[in-house]
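Numbering of residues begins at 1 and proceeds along the displayed sequence. Not measured: the values here are computed from a predicted model.
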Amino acid sequence: MINDNDVIETLDELETFLRLVETGGLGLENVTGVALATNNSDGRPFIAVLDDKHQLLLGRYVTTEVYENGKDMVRYGTKKSH
């Protein structure tokens, strides 16, 4: 499910979202990965939270800037604070 009203507009927002996913803060079960993708029908970029069968558990649209510049953060995870 992707809610049109919850657009991630900055890399800081993306980092916060990823940390919530990583720590279980969103209450999702069976999370095994996240991915950046584009919607097949309209080409809008989004971040997808996936289960072990690669089914979408949760999605948030992202801006083009976040899509282009957040790939490493999604691929390698967020910076851990010490």
Verify the cluster assignment for [X] and [Y]: are they in a single hydrophobic cluster under the rule of side-chain heavy atoms below 4.5 Å apart?
{"X": "Leu28", "Y": "Ile2", "result": "no"}
{"X": "Leu11", "Y": "Phe46", "result": "no"}
{"X": "Val7", "Y": "Leu14", "result": "no"}
{"X": "Leu50", "Y": "Leu26", "result": "no"}

For residues 67-74, dump all side-chain donor-acceptor pairs below 3.5 Å to protein atoms at least two apart in sequence or in another chain.
residue : atom : partner : partner atom : Å
Asn69   : ND2  : Glu65   : O            : 3.0
Asp72   : OD1  : Arg75   : NH1          : 3.1

As an exercise, state the distance from CD1 of Ile8 to CZ of Phe17, rounded to the nearest 0.5 Å.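 CZ of Phe17 is found 5.0 Å from CD1 of Ile8.
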Backbone N/O of Arg44 and side chain of Thr38: donor-acceptor pair under 3.5 Å:
no
Contacts satisfying side-chain hydrogen bond (donor to acceptor under 3.5 Å, both in side chains) that involve residues 8-18 (not counting sequence neighbours) are Glu15-Arg19
For a quick test of your reading: what N or O donor-acceptor pairs under 3.5 Å do the side chains of residues 52-61 make, sequence neighbours left out?
residue : atom : partner : partner atom : Å
Asp52   : OD1  : Asn30   : ND2          : 3.0
Tyr61   : OH   : Asn39   : ND2          : 3.1

**Request:** Taking the side chain as every heavy atom from C-beta outward, state whether Val66 and Leu36 have any atom pair closer than 4.5 Å.
**Result:** no
